[in-house]
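Worksheet: one structure, shown below.
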Amino acid sequence: MTLEAGADFETLLEYLRDSRGFDFTGYKRPSLIRRVSQRCSELGIDNFRAYLDYLQVHTDEFAELFNKILINVTEFFRDKQAWDYLGKNVIPRIAAKDGDIRIWSAGTSSGEEAYSAAMLFCEALGEKAFVDRVKIYATDVDEDSLTKARGGYVAKDLASVDDDLKSRYFERQGERFMFRAGLRRTMVFGRHDVTQDAPISRLDLLICRNTLIYFTAEAQGRILARFHYALNDEGYLFLGRAEMLLTHAALFTPVDLRERVFSKVARLELQERLVLLAQSGSSEATDHVVRQLRVRELTTEGSPYPQIVVDALGVLVSANHPARQMFEIPPADIGRSLKDLELSYRPVDLRTPIDRVSRERRTTSVQSVEVRRADGTLGLFDIHFAPLIDDDGSVVGTAVNFIDVTQTMHLRSELDRTAQELQSHREELETTNEELQSTVEELETTNEELQSTNEELETLNEELESTNAELQSINTDLRLRTGEVERLNTLLLAITGNIEVGAAVLDKSMRVQVWNERAADLWGVRSDEVLGSSFFDLDIGLPAEQLRELIQAGAGGRPRHDELEVTATTRKGRDIRCRVIVHTLGDGDRPAGVVLVMEELNSGATTRQR
């Protein structure tokens with residue numbers, strides 16, 4: 001049963017995030033809804049609102065829900081071909097570098113992949129260098145899985161590990177196998193949420209296999225930005241078989257796409273670096289912003305164009321170096337009213353455009369003004385007036401920029417001549433570009449659909465593997481219980497079949513569970529004819545009604561031992577005196593059934609009850 005998504009489901013996710021710190025809002029909805037619906041079905045709950053109420057009352061339900069959502073399907077050297085490629089082509093490159101080696105296994109589940117990486121690096125470096133140089137961080141959001149990773153494995157968990165590696169890297173402690181203590185100290189296991197917590201940095205290798213497939217595209221982008229920040233410039237990213245990164249080529253480039261090994265794109269544009277730093281949660285982004293503000297303060301000094309700034313009161317508050325040179329503005333003029341300066345009317349009136357900009361709050365300009373440059377030559381300048389608007393919306397001043405357009409005017413006519421030719425070529429190129437863009441968008445759409453389908457299939461496959469493992473465990477338990485029941489039945493039949501008196505075992509409902517051969521011989525009905533039938537409904541020569549009070553007293557009260565002698569008729573029609581012994585089965589005040597022993601007596605005996 002899969003319940004419908006809606007506001008109630010999103011409210012449930014918000015409650016899990018706010019109350020327990022597990023943020024599943026970035027997980028893909030189809031898989032998430034399917035897993036939560038399965039848990040609701042197990043509890044007999046038919047809507048998410050009711051399940052939220054159930055969670056708020058039963059705090060132990062959180063663990064069951066998280067175990068259902070967090071699919072922990074993994075094994076040592078899972079997808080062995082990919083691990084072989086990593087061991088032969090990537091790990092030797094990392095091992096060849098100088099200094100420490102840092103590895104992060106994110107979403108490590110119960111730790112198999114972290115230990116797999118440890119064995120490969122130990123093989124490449126040797127034990128001494130491995131212990132001295134390597135540090136492996138293994139993290140997951142599920143504390144129960146981390147507990148298993150720390151506590152070792154049973155024999156079946158190591159089925160995919162070669163016997164040679166198993167004997168050299170694991171030590172047996174009782175029924176469990178522990179990673180060798182001398183090597184284990186290089187590994188750190190801890191809880192970490194890749195969607196919220198700051199990443200581990202300065203990494204040479206980041207392993208995150210079949211984890212991204214559970215997140216939405218937006219959440220994947222945030223996680224990959226953190227991974228990009230975490231890796232060294234020569235670092236490698238090792239993903240699962242369903243994770244392609246085709247839409248994140250600006251961050252990672254394939255080393256081997258088939259085996260899902262990627263390298264970091266080290267050189268990014270400034271804007272991309274700032275976005276990634278902000279997404280990664282690094283303090284470096286804050287430091288960079290501070291530096292950017294200082295650069296912004298010095299921007300006008302580095303401008304090749306003269307610029308002055310007048311505040312809302314008409315005071316000249318700044319003039320950059322080119323403006324001071326061209327208009328010969330002394331330092332003493334900074335802070336004076338513009339109207340008192342020659343600059344206000346020479347080479348052109350500035351106050352009128354400045355007043356218009358302040359009043360209308362929009363940019364204006366004066367075209368082709370002749371101005372004498374600092375070297376004495378004349379040039380043509382466009383003067384641009386731009387309002388400076390504060391965060392509260394008020395105009396706090398006006399920036400006046402003098403743009404030298406002398407060369408531009410000379411080139412304008414030539415540009416006009418070529419404009420028509422360029423326009424015709426541009427139209428052709430635009431038509432071609434639109435066709436190409438349309439084709440690219442169709443391909444991208446198809447690729448996204450295929451990627452989404454592939455990830456969904458991978459998710460379903462992992463759920464099936466998890467369910468199969470649970471069913472195998474249940475099946476094993478059932479086989480053990482069935483064997484035990486068969487052994488007990490064989491023992492019981494062996495006992496009852498070899499005694500010389502009739503014996504029957506009744507359950508709490510007075511239905512026959514055991515009927516031995518002597519009972520069949522006495523009353524003429526076989527075991528297969530009476531099993532499951534009520535004892536009081538049997539058509540035999542034993543007067544069951546005379547025994548009803550005695551039997552029901554034994555079955556309904558405290559365990560007891562009673563007997564009664566009655567007159568009965570055997571299967572051959574012969575009247576006999578029969579002693580019936582009633583013994584209650586059970587523990588304390590909870591009887592589980594009744595044992596009847598039926599013994600033929602010598603004639604002439606008298607009826608007695610004890």
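FYI, side chains are in, hydrogens and waters are out, and symmetry mates aren't considered; it's all heavy atoms of this structure. Being a predicted model, the structure only gives us computed values, none of them experimental.
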- Under 3.5 Å: donor-acceptor pair, side chain of Asp140, backbone of Asp142: yes

- Query: Is there side-chain contact between Ile45 and Tyr54, with at least one heavy-atom pair below 4.5 Å?
  - Reply: yes

- Message: Test side chain to side chain contact (heavy atoms under 4.5 Å, CB included) on Arg209 and Glu113; report intermediate values, then the result.
- Response: CA-CA 9 Å; Arg209 311 193 69 234; Glu113 290 182 343; 3.5 Å; yes

- So, Phe9 versus Phe48, ring centres under 6.0 angstrom or not? yes

- Could you tell me whether the side chain of Glu463 reaches within less than 4.5 Å of the side chain of Arg34, counting heavy atoms only? yes

- Message: Atom NZ of residue position Lys97 - does it have more than 12 heavy atoms of other residues, nucleotides or ligands inside 6.0 Å?
- Response: yes

- Message: Any heavy-atom pair between the side chains of Tyr15 and Thr11 that's under 4.5 Å?
- Response: no

- Item | Flag, side chain of Arg150 to backbone of Phe189, donor-acceptor distance under 3.5 Å | yes

- In sequence, state the C-alpha distance, the side-chain angles, and the governing distance for Asp204 and Arg102, and then conclude on salt bridge (charged side-chain N to carboxylate O under 4.0 Å, His left out). CA-CA 6 Å; Asp204 299 290; Arg102 291 166 63 87; over 6 Å; no

- Query: So Lys148 and Asp144, salt bridge (charged side-chain N to carboxylate O under 4.0 Å, His left out) or not? Walk me through it.
  - Reply: CA-CA 6 Å; Lys148 179 180 178 182; Asp144 291 340; over 6 Å; no

- First locate atom CG of Leu203, then atom CD1 of Ile101, and finally report the distance between them rounded to the nearest 0.5 Å. 12.5 Å

- Give a yes or no answer on whether the side chain of Ser201 reaches the backbone of Ala230 with a donor-acceptor pair at less than 3.5 Å. no

- Message: Please determine whether a side-chain nitrogen of the Lys or Arg among Asp100 and Lys135 lies less than 4.0 Å from a carboxylate oxygen of the Asp or Glu.
- Response: no

- Item | Counterpart residues, side-chain hydrogen bond (donor to acceptor under 3.5 Å, both in side chains), relative to Arg93 (two or more places apart) | Tyr236

- Steps toward side chain to side chain contact (heavy atoms under 4.5 Å, CB included) verdict (Phe121, Leu205): CA-CA 11 Å; Phe121 274 91; Leu205 175 63; 3.8 Å; yes

- Between Ala138 and Leu146, the two heavy atoms sitting closest are O-CD2, 4.3 Å

- Message: Quick one: does any side-chain atom of His58 pair with a main-chain N or O of Asp53 as donor and acceptor, under 3.5 Å?
- Response: no

- Note on the structure: Rounding to 0.5 Å, atoms CD (Gln437) and CD (Glu444) come to a distance of 7.0 Å

- Would Glu112 and Ser110 count as having a side-chain donor-acceptor pair, cut-off 3.5 Å? yes

- Task: Not counting sequence neighbours, which residues clear side-chain contact (heavy atoms from CB on, under 4.5 Å) with Asp163? List them please.
- Result: none

- Message: Using 0.5 Å steps for rounding, measure from the OG1 atom of Thr439 to the CD atom of Glu442.
- Response: 5.5 Å

- Looking only at heavy atoms, the pair that brings Glu127 and Cys122 closest together is CG-SG, 3.6 Å

- Task: State, without any angle test, whether Tyr85 and Arg258 hold a side-chain donor-acceptor pair at a distance under 3.5 Å.
- Result: no

- Side-chain donor/acceptor of Ser473 to backbone N/O of Glu470, under 3.5 Å: no

- Query: For Ser37, does its backbone N or O pair with a side-chain atom of Ser41 as donor and acceptor, under 3.5 Å?
  - Reply: no

- Task: Evaluate salt bridge (charged side-chain N to carboxylate O under 4.0 Å, His left out) for Glu75 paired with Lys156, printing each intermediate quantity in order.
- Result: CA-CA 10 Å; Glu75 65 178 302; Lys156 69 176 183 179; over 6 Å; no

- Arg39 meets the side-chain hydrogen bond (donor to acceptor under 3.5 Å, both in side chains) criterion, sequence neighbours left out, with Glu42, Glu61

- Item | OG-CG distance between Ser438 and Asn433, expressed to the nearest 0.5 angstrom | 11.0 Å

- Task: Check whether any side-chain heavy atom of Tyr229 lies under 4.5 Å from a side-chain heavy atom of Pro199, and answer yes or no.
- Result: yes

- Only one of Asn468, Asn461, Thr467 forms a side chain to side chain donor-acceptor pair (under 3.5 Å) with Glu465, so which one is it? Asn461

- List the steps, then state whether salt bridge (charged side-chain N to carboxylate O under 4.0 Å, His left out) holds for Asp84 with Lys80. CA-CA 6 Å; Asp84 289 343; Lys80 190 174 186 302; 3.2 Å; yes

- Backbone N or O of Val194 within a donor-acceptor pair of the Asp197 side chain at under 3.5 Å? no

- Test item: Lys264 and Phe227 side chains (from C-beta on) under 4.5 Å apart, heavy atoms: no

- Item | Val396 vs Ile389, side chain to side chain contact (heavy atoms under 4.5 Å, CB included): CA-CA, chis, key distance, verdict | CA-CA 6 Å; Val396 295; Ile389 301 176; over 6 Å; no

- Message: If I compare all heavy atoms of Pro387 with all of Val395, which pair ends up nearest, and what's the gap?
- Response: CB-CG1, 4.4 Å

- Message: What I want to find out is whether Asp132 reaches Lys128 closely enough, with some N-O distance under 4.0 Å, to be called a salt bridge.
- Response: yes

- Task: Walk me through it: do Thr431 and Glu428 pass the test side chain to side chain contact (heavy atoms under 4.5 Å, CB included)?
- Result: CA-CA 5 Å; Thr431 301; Glu428 293 177 2; 5.8 Å; no

- How far does NZ of Lys166 sit from OG of Ser160, to the nearest 0.5 angstrom? 10.5 Å

- Item | Non-hydrogen atoms of Pro92 and Leu86 that approach each other most closely | CD-O, 4.2 Å

- Item | Polar side-chain atom of Thr211 near backbone of Cys208 as donor-acceptor pair, under 3.5 Å | no

- Task: Quick one: sort the Phe252 and His228 rings into parallel, tilted or perpendicular, breaks at 30° and 60°.
- Result: perpendicular

- Task: Tell me, yes or no, whether the heavy-atom count around Arg180 atom CZ, taken from other residues, nucleotides or ligands under 6.0 Å, exceeds 12.
- Result: yes

- Task: State whether the side chain of Arg176 and the backbone N or O of Gly151 hold a donor-acceptor pair below 3.5 Å, judged by distance alone.
- Result: yes

- Task: Measure centre to centre between the rings of Tyr153 and Phe177, then say whether the value is under 6.0 Å.
- Result: no

- Note on the structure: Closest heavy-atom pair, Ile94 versus Arg133, reported as atoms and distance to 0.1 Å, is O-NH2, 4.4 Å

- Can you measure from CH2 (Trp104) to CG (Leu237) and round to the nearest 0.5 angstrom? 10.5 Å

- Query: Should Thr139 and Thr108 count as side-chain neighbours, where that means a heavy-atom distance under 4.5 Å?
  - Reply: no

- Assign the ring pair Phe238 / Trp83 to parallel, tilted or perpendicular, where the plane angle (0 to 90°) is split at 30° and 60°. perpendicular

- Query: Any donor and acceptor pair, going by atom type alone, linking the side chain of Asn232 with main-chain N or O of Gly235 inside 3.5 Å?
  - Reply: no

- Message: Please give me the minimum heavy-atom distance between Glu259 and Asp256, naming the atom from each residue.
- Response: N-OD1, 3.0 Å

- Taking atom types as modelled and ignoring hydrogens, do the side chains of Glu123 and Tyr169 form a donor-acceptor contact shorter than 3.5 angstrom? yes

- Message: If the test is side-chain contact (heavy atoms from CB on, under 4.5 Å), which one of Ile200, Ile103, Leu231 qualifies with Leu206?
- Response: Leu231

